Engineer: 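Handing you a structure now.
Just so we're clear, the structure is a prediction, and the values are computed from it rather than from any experiment. Residue numbers start at 1 and run along the sequence shown.
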Amino acid sequence: MKTTKPGKQRKRLYQAPLNERYKRFSAPLSSKLKESHGTNSVPVRNGDTVMIMRGDRKGSEGKVTQINRKKYRIFIEGATREKVDGTTTLIPIHPSKVMITRLNLDDKWRKKILERKGVTEKAEIAEEEPPKKKAKKKRKTSKKTKKSGGT
């Protein structure tokens with residue numbers, strides 16, 4: 001985050017390029033997936049099975065059918081609404097309000113991403129285990145004298 005002004009934050013959100021929008025579609029993984037893949041969150045894709053964690057349809061589960069990157073919303077199979085004229089439409093849901101329960105691993109690139117994310121986290125854990133104590137260095141403080149102004 002490079003700025004704290006809300007207006008600039010919104011501007012960056014709405015004018016973000018697709019590669020940044022992709023990262024903002026991240027959703028937390030279920031506890032089983034966290035253990036198996038070694039990461040906490042992954043961007044949602046078509047075909048993933050997700051569970052809705054917030055709102056009226058909390059607890060319902062379904063497959064992701066559509067992703068709208070322009071409006072930052074996903075559409076889930078089971079989450080529908082009946083309109084006044086009788087037709088049913090899918091309800092747009094923000095990806096942060098869902099939890100991924102089953103990943104769609106048809107894409108070889110996604111498998112590589114998951115492996116890479118898991119490996120880096122395991123490497124960080126391994127590095128943290130042997131704690132080494134560093135000796136504290138004493139700082140030498142030099143006294144500066146004020147020079148008179150010359151008047």
Side-chain angles (χ1 to χ4, degrees), residues 1-139 141:
M1 182 170 68
K2 295 180 181 178
T3 182
T4 56
K5 294 184 177 180
K8 283 191 177 182
Q9 288 287 327
R10 283 190 295 274
K11 182 182 177 184
R12 288 197 173 150
L13 180 73
Y14 298 131
Q15 295 181 351
L18 286 176
N19 62 333
E20 285 181 24
R21 286 176 187 253
Y22 168 77
K23 291 174 189 169
R24 292 182 197 221
F25 271 79
S26 289
L29 294 172
S30 66
S31 56
K32 289 180 182 178
L33 289 175
K34 277 183 190 180
E35 291 173 11
S36 61
H37 294 292
T39 184
N40 290 332
S41 64
V42 171
V44 179
R45 286 196 185 179
N46 282 344
D48 287 349
T49 306
V50 296
M51 179 184 286
I52 301 170
M53 303 301 287
R54 294 282 181 271
D56 296 339
R57 287 163 177 78
K58 180 179 179 179
S60 63
E61 199 168 336
K63 269 191 175 180
V64 176
T65 55
Q66 283 181 323
I67 293 177
N68 187 343
R69 288 230 170 96
K70 188 172 173 86
K71 294 188 175 182
Y72 291 103
R73 295 294 183 263
I74 61 173
F75 298 92
I76 302 168
E77 248 177 28
T80 56
R81 174 185 294 142
E82 190 172 325
K83 293 169 76 173
V84 179
D85 62 353
T87 59
T88 58
T89 59
L90 294 167
I91 298 172
I93 298 169
H94 195 271
S96 67
K97 306 300 179 202
V98 299
M99 180 176 68
I100 301 172
T101 54
R102 197 173 309 127
L103 289 166
N104 180 14
L105 295 174
D106 294 341
D107 188 13
K108 64 179 181 178
W109 300 107
R110 193 173 199 197
K111 287 180 186 177
K112 285 184 181 180
I113 290 168
L114 282 168
E115 287 171 13
R116 188 171 63 230
K117 282 185 96 171
V119 167
T120 53
E121 295 215 357
K122 289 175 187 172
E124 288 175 10
I125 293 168
E127 289 175 9
E128 290 175 8
E129 285 178 4
K132 294 180 181 178
K133 293 183 180 178
K134 293 181 181 179
K136 292 184 180 179
K137 294 180 182 177
K138 292 183 181 177
R139 294 184 183 174
T141 56

Engineer: Going by atom types alone, do S96 and H94 pair a side-chain donor with an acceptor below 3.5 Å?
Structural biologist: yes
Engineer: Would you mind reporting whether Q66 and L90 have side-chain heavy atoms less than 4.5 Å apart?
Structural biologist: yes
Engineer: I'd like to check the side chain to side chain donor-acceptor pair (under 3.5 Å) partners of T87; sequence neighbours left out, ordered by chain and number.
Structural biologist: D85
Engineer: S60: what forms a side-chain contact (heavy atoms from CB on, under 4.5 Å) with it, not counting sequence neighbours?
Structural biologist: I52, R57
Engineer: Can you give each donor-acceptor pair under 3.5 Å made by side-chain atoms of residues 25-33, sequence neighbours left out, with the distance rounded to 0.1 Å?
Structural biologist:
unit_1	atom_1	unit_2	atom_2	d
S26	OG	K23	O	3.0

Engineer: Any chance you could lay out the side chain to side chain contact (heavy atoms under 4.5 Å, CB included) test for V50 and I76, step after step, and finish with the verdict?
Structural biologist: CA-CA 8 Å; V50 296; I76 302 168; 3.4 Å; yes
Engineer: Can you list everything that forms a side chain to side chain donor-acceptor pair (under 3.5 Å) with R21? Sequence neighbours excluded, please.
Structural biologist: none
Engineer: Show me the donor-acceptor pairs within less than 3.5 Å that the side chains of residues 99-107 make with the rest of the protein, sequence neighbours left out.
Structural biologist:
unit_1	atom_1	unit_2	atom_2	d
T101	OG1	T49	O	3.0
T101	OG1	E61	OE2	2.9
N104	OD1	D106	N	3.4
N104	ND2	N46	O	3.0
D107	OD1	W109	N	3.3
D107	OD2	R45	NH1	2.7

Engineer: Quick one: list whatever passes side chain to side chain donor-acceptor pair (under 3.5 Å) with T65, sequence neighbours left out.
Structural biologist: none
Engineer: Going by side-chain contact (heavy atoms from CB on, under 4.5 Å), name the residues that satisfy it together with P17, two or more places apart in sequence or in a different chain.
Structural biologist: N19, E20
Engineer: Quick one: does F75's side chain get under 4.5 Å of I93's, heavy atoms only?
Structural biologist: no
Engineer: What distance separates H37 NE2 from K117 NZ, expressed to the nearest 0.5 Å?
Structural biologist: 11.5 Å
Engineer: Are any of the side-chain heavy atoms of Y72 and L13 separated by less than 4.5 Å?
Structural biologist: yes
Engineer: Do D48 and R110 have side chains that get closer than 4.5 Å, going by heavy atoms?
Structural biologist: yes
Engineer: Does some side-chain heavy atom of T80 sit less than 4.5 Å from a side-chain heavy atom of T89?
Structural biologist: no
Engineer: Step by step, would you call M51 with K58 a side chain to side chain contact (heavy atoms under 4.5 Å, CB included)?
Structural biologist: CA-CA 8 Å; M51 179 184 286; K58 180 179 179 179; over 6 Å; no
Engineer: According to salt bridge (Lys or Arg N to Asp or Glu O under 4.0 Å), does anything in residues 63-78 pair up with another residue at least two apart or in another chain? List the pairs.
Structural biologist: none
Engineer: Is it true that atom CZ of R81 has more than 12 heavy atoms of other residues, nucleotides or ligands lying nearer than 6.0 Å?
Structural biologist: no
